[in-house]
Amino acid sequence: MTRNSKPNAQATLFACGLAEFFPTESILSRHCCPPKPSPDGIWQLLPLLERILRSLA
């Protein structure tokens, strides 16, 4: 989750060599959910985390 835009977050992850570890749907920008301390972003990420964990089992 970031208060940046999604394209900026993706560019930063790519520049750091970390983009491969973050599926596109896992990057939540300021346009995707309200800012902290709202839990909305975490609630949006939980289904993705569940899918990832199930694929590892």
Side-chain angles (χ1 to χ4, degrees):
M1 286 186 288
T2 180
R3 297 314 302 155
N4 244 328
S5 69
K6 194 167 195 165
N8 283 347
Q10 290 171 311
T12 300
L13 289 169
F14 182 77
C16 295
L18 298 172
E20 67 182 287
F21 301 108
F22 293 88
T24 301
E25 65 269 22
S26 73
I27 302 169
L28 299 180
S29 71
R30 62 179 160 234
H31 305 291
C32 299
C33 59
K36 297 178 259 179
S38 170
D40 291 1
I42 297 296
W43 288 116
Q44 287 182 40
L45 290 173
L46 283 175
L48 174 62
L49 178 60
E50 183 178 18
R51 284 197 314 270
I52 291 169
L53 291 175
R54 285 185 182 185
S55 73
L56 296 175

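Along the sequence shown, the residues carry numbers beginning at 1.
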| At their closest point, which heavy atom of L48 faces which heavy atom of E25, and how far apart are they? | CD1-OE2, 3.5 Å

| query | Where is the tightest heavy-atom contact between F21 and P23, given as atom of each residue plus distance? | reply | O-CD, 3.7 Å

| query | What are the two closest non-hydrogen atoms of F22 and L18, and how far apart are they? | reply | CD1-O, 3.2 Å

| remark: Between R3 and S29 the two heavy atoms that sit nearest each other are NH1-O, 4.3 Å

| request: Any chance you could measure L13, atom CG, to N8, atom CG, to the nearest 0.5 Å? | output: 11.0 Å

| Is there a donor-acceptor pair under 3.5 Å between the side chain of K36 and the backbone N or O of G41? | no

| Atom of C33, atom of M1 and distance for their closest heavy-atom approach | SG-SD, 4.4 Å

| query | Any side-chain heavy atom of S5 sitting closer than 4.5 Å to one from R30? | reply | yes

| Atom CG of N4 and atom NE2 of H31: how far apart are they, to the nearest 0.5 Å? | 9.5 Å

| query | Minimum heavy-atom separation for C32 to I27, with atom names? | reply | SG-O, 4.5 Å

| task | Evaluate whether atom CZ of R54 has more than 12 neighbouring non-hydrogen atoms of other residues, nucleotides or ligands under 6.0 angstrom away. | result | no

